[in-house]
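In this text the structure is predicted, and so the values were computed from the model without any measurement. Note on naming: letters A, B, ... go to the chains in the order of the sequence lines (proteins, then strands), and numbering restarts at 1 for each one.
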Amino acid sequence: MQMEELVALCKRRGFLFQSSEIYGGLNGFWDYGPLGVLLKRNVKDAWWHDMLVGHNEQKLQPGAPSLYEMAGLDSTIIMHPQIWKCSGHYDLFHDFMVDCRESKKRYRYDHVKGRWVRGLKHGEGGQPAAEVRVFITTMDTENTENALKERAAHYFGLRKKDLDSLVWEGPLTEISTLGDLSQVLGPDAKHPGTLTEPREFNLMFKTTIGALGGEDDVAFLRPETAQGIFANFKNVCDSTRVKVPFGIAQIGKSFRNEITPRNFTFRSREFEQMEIEFFCYPGESADWYRYWRDRRFKWYTDLGLASEKLRLREHEQAELAHYSKGTADIEYAFPFLPEGDFGELEGVAHRGDFDLRSHMEGKLVREGDQLVLEKGPDGQPKHRGSGKDLTYYDDQRKERFIPHVIEPSSGADRATLAFLCEAYHVDQVPTAEKKEDAQRTYLKFHPRLAPVKAAVFPLVKKDGMPEIAGDIYGELKEKMSVQYDEKGAVGRRYRRQDEIGTPFCITVDGQTLQDGTVTLRDRDTLQQWRVKKDELMAELTDRLGK
RNA sequence: GCGGGUGUAGCUCAAUGGUAGAGCCACAGCCUUCCAAGCUGAAAACGAGGGUUCGAUUCCCUUCACCCGCUCCA
């Protein structure tokens, strides 16, 4: 399948438009059109229903370690700046980067390390050898000393055994301590002085609070909805009588200054998340992690994503965030990715007690296998926590503890895009002339996700058919998203509905006038059968599912 | 952020240093008794800004967006 065709269909039929298109567009931002908003809302509603509203806390869910409760939340996009300092986003998202003009590579300023070295370098083009002093760097963290020697040997044109002629000065240090990068040999460069001055990369959107806001009033647009849940953990506990284990669900916009927005809506700077923070006993957290990982995977397949295009990928130890005891990505083989590549739809992470502890004590850092408070140069906490007690007291077990957290974090736009990609189909269908089959493009949405559930047509615009069709339309409209169309040939109307993924078309014809039945047509099979007008609603409700 | 490519109606494609032409779609009507392309009518574009020129969609510069490859993706 060609991605351009889907993108074109999305625009033509009003699923997705480029943001600010009349001004030439804005990279990394997308608008949902009339059909797109219906589709995305259906995705979010399905999630909200399946995870929260429809969850029966009295019934043991398949695969769940025990009964559990769910609660909802809608927190603000702008929160207290300290939230992001304690969560780690402020430090992590606020990097200085240097670019290498020669190798075109980009490095984190604080990751490039090296040593000064002095030695004889043979001149080029017959120039006499001269002593040079250069700061040799590497990104190799495993075998730093060896890597530096190899780079030095290469630069000075020496054999390994001749390396002793070089004079190393000072300890291994970060280039950030140098001040001047003109004598620095970049990690992948052949000549010194190719690194640019460090530039600030702020992955969080900055804003100011108050009409006169200055530097002191800086705030950030949230890069994830999760922190709003942690910040309200105590409020939810105190106001809803929920007991551990329970989850808090939230849907909302988040913002990240992606360096390279690309691939349609896949990597957008403004996007929407569907997140759950699930709080449980530390001892049961591993079981809950597995439950949520598998449950979330199944949610996508239940809504129509083909399991062979989906992948559950457990992160390697090295890939895990410093606080996580396990993370799995649910990934989809998007058609715009190279063959065999998958793109993340959702991450399910075991976050331990990192988040609640951070908001109590302050920003944490790993020390051995412990998380400890990160201190600044003055010995004080680098980022102070709220100081509030976010522990949980279980009056049955008579114990107080910090709940551990399982976080299934899903991208609403990515899920919507995956459902669109999966739905896109082209097939051959017979034509009225019965000569040759014609190509048909249709979107094979799961009925729960289809933006329009049914369309109502009079076969022709006379003999009272439009009136009957209009009545049926009015009746259905009360309950579901339907369209009415009486224009042009009926075949064309079917095709139009196919292209926007409407599962069923209802046609009023001559026989309707006789016996009160209408035809019901299936989008995928093109099959038709007759249904009594009065039984239409029941028939449709049954076939559409929830 | 770097390199390469692209940019004319919603889509596909024309033409031109002298005020842009068509097909399809969509729209209004007609005709149509079950799977798009029958008739009539109307509408609709040179991505943006600047320069050269009497005159720029065309030449030059800048910029924006999209695609491909790197880079980045906490």
Between [X] and [Y], a side-chain donor and acceptor under 3.5 Å:
X: A:Glu475; Y: A:Tyr473; value: no
X: A:Thr525; Y: A:Asp522; value: yes
X: A:Tyr424; Y: A:Glu5; value: yes
X: A:Gln82; Y: A:Tyr90; value: no
X: A:Tyr300; Y: A:Glu346; value: yes

Distance, [atom1] atom - from [M] to [N], rounded to whole angstrom:
N: B:rC72; M: B:rU52; atom1: P; answer: 44 Å
N: B:rC25; M: B:rA36; atom1: C1'; answer: 11 Å
N: B:rC59; M: B:rU8; atom1: P; answer: 15 Å
N: B:rU53; M: B:rA15; atom1: P; answer: 29 Å
N: B:rG47; M: B:rC35; atom1: P; answer: 42 Å
N: B:rC67; M: B:rU58; atom1: P; answer: 25 Å
N: B:rG38; M: B:rC31; atom1: C1'; answer: 8 Å
N: B:rG4; M: B:rA44; atom1: P; answer: 39 Å

Inset, instruction - Assign the ring pair A:His89 / A:Trp84 to parallel, tilted or perpendicular, where the plane angle (0 to 90°) is split at 30° and 60°. - result: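 Answer is perpendicular, since the angle exceeds 60°.
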Filtered N/O pairs between nucleotides 60-62 of chain B and protein, under 3.5 Å:
none

Inset, instruction - Take A:Leu459 and A:Phe264, find for each the nucleotide of RNA chain B with the closest heavy atom, and name the residue whose nucleotide sits nearer the 5' end. - result: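 This one resolves to A:Leu459.
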Legend entry - 5′-ward residue of the pair A:His89/A:Leu26 relative to RNA chain B: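 Closest to the 5' end, via its nearest nucleotide, is A:Leu26.
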Under a 4.0 Å threshold between the charged nitrogen and the carboxylate oxygen, would [Y] count as salt-bridged to [X]?
X: A:Asp509; Y: A:Arg530; value: yes
X: A:Glu499; Y: A:Arg12; value: yes
X: A:Asp329; Y: A:Arg313; value: yes
X: A:Lys11; Y: A:Glu21; value: yes
X: A:Lys253; Y: A:Glu272; value: no

Which whole-number value in Å describes the distance from [X] [atom1] to [N] [atom2]?
X: A:Glu21; N: B:rG10; atom1: CD; atom2: P; answer: 9 Å
X: A:Asp509; N: B:rC35; atom1: CG; atom2: C1'; answer: 14 Å
X: A:His315; N: B:rC73; atom1: NE2; atom2: P; answer: 14 Å
X: A:Gln528; N: B:rU33; atom1: CD; atom2: C1'; answer: 12 Å
X: A:Leu6; N: B:rC67; atom1: CG; atom2: P; answer: 13 Å
X: A:Arg262; N: B:rA65; atom1: CZ; atom2: P; answer: 12 Å
X: A:Arg440; N: B:rC35; atom1: CZ; atom2: P; answer: 14 Å
X: A:Glu5; N: B:rU12; atom1: CD; atom2: C1'; answer: 13 Å

Legend entry - Residue A:Leu526, side-chain heavy atoms: nucleotide from B:rC73, B:rU33, B:rC35 that is nearest: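 Out of B:rC73, B:rU33, B:rC35, the nucleotide with an atom closest to A:Leu526's side chain is B:rC35.
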Legend entry - Any residue meeting side chain to side chain donor-acceptor pair (under 3.5 Å) with A:Thr327, in chain and number order, not counting sequence neighbours: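 A:Ser324.
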What's [X] touching, base or sugar-phosphate or nothing? Going by heavy atoms closer than 4.0 Å.
X: A:Asp498; answer: nothing
X: A:Gln18; answer: sugar-phosphate
X: A:Asn27; answer: sugar-phosphate
X: A:Arg521; answer: base

Inset, instruction - Taking all heavy atoms of A:Arg523 and all of A:Arg440, pick out the closest pair and write down the distance. - result: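 Heavy atoms only, the tightest pair is O-NH1, 2.9 Å.
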Inset, instruction - Compute both the distance and the angle, then confirm whether A:Arg521 meets the cation-pi test with A:Tyr494: under 6.0 Å from the six-membered ring centre, within 45 degrees of the axis. - result: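 Yes.
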With 3.5 Å as the limit, what N/O pairs link the protein to nucleotides 39-50 of chain B?
none

Inset, instruction - Any chance you could encode RNA chain B as dot-bracket? Rule is Watson-Crick or G-U wobble with both distances under 3.5 Å; [ ] for pairs crossing earlier ones, | for another strand. - result: (((((((..((((....[..))))..((((.......)))).....(((((..]....))))))))))))....
Detail all sub-3.5 Å separations between protein N/O atoms and N/O atoms belonging to nucleotides 24-29 of chain B.
{"from": "B:rA26", "atom 1": "OP1", "to": "A:Arg496", "atom 2": "NH1", "distance (Å)": "2.5"}
{"from": "B:rA28", "atom 1": "OP1", "to": "A:Lys487", "atom 2": "NZ", "distance (Å)": "3.4"}

Inset, instruction - Please say which of A:Phe271, A:Phe336, A:Trp30 ends up in a ring pair (Phe, Tyr, Trp, His ring centres under 6.0 Å) with A:Phe266. - result: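 The ring pair (Phe, Tyr, Trp, His ring centres under 6.0 Å) with A:Phe266 is passed solely by A:Phe336 among A:Phe271, A:Phe336, A:Trp30.
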Inset, instruction - Applying side chain to side chain contact (heavy atoms under 4.5 Å, CB included), name anything that partners A:Asn257, two or more places apart in sequence or on another chain. - result: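 So A:Asn257 forms a side chain to side chain contact (heavy atoms under 4.5 Å, CB included) with A:Phe205, A:Arg269.
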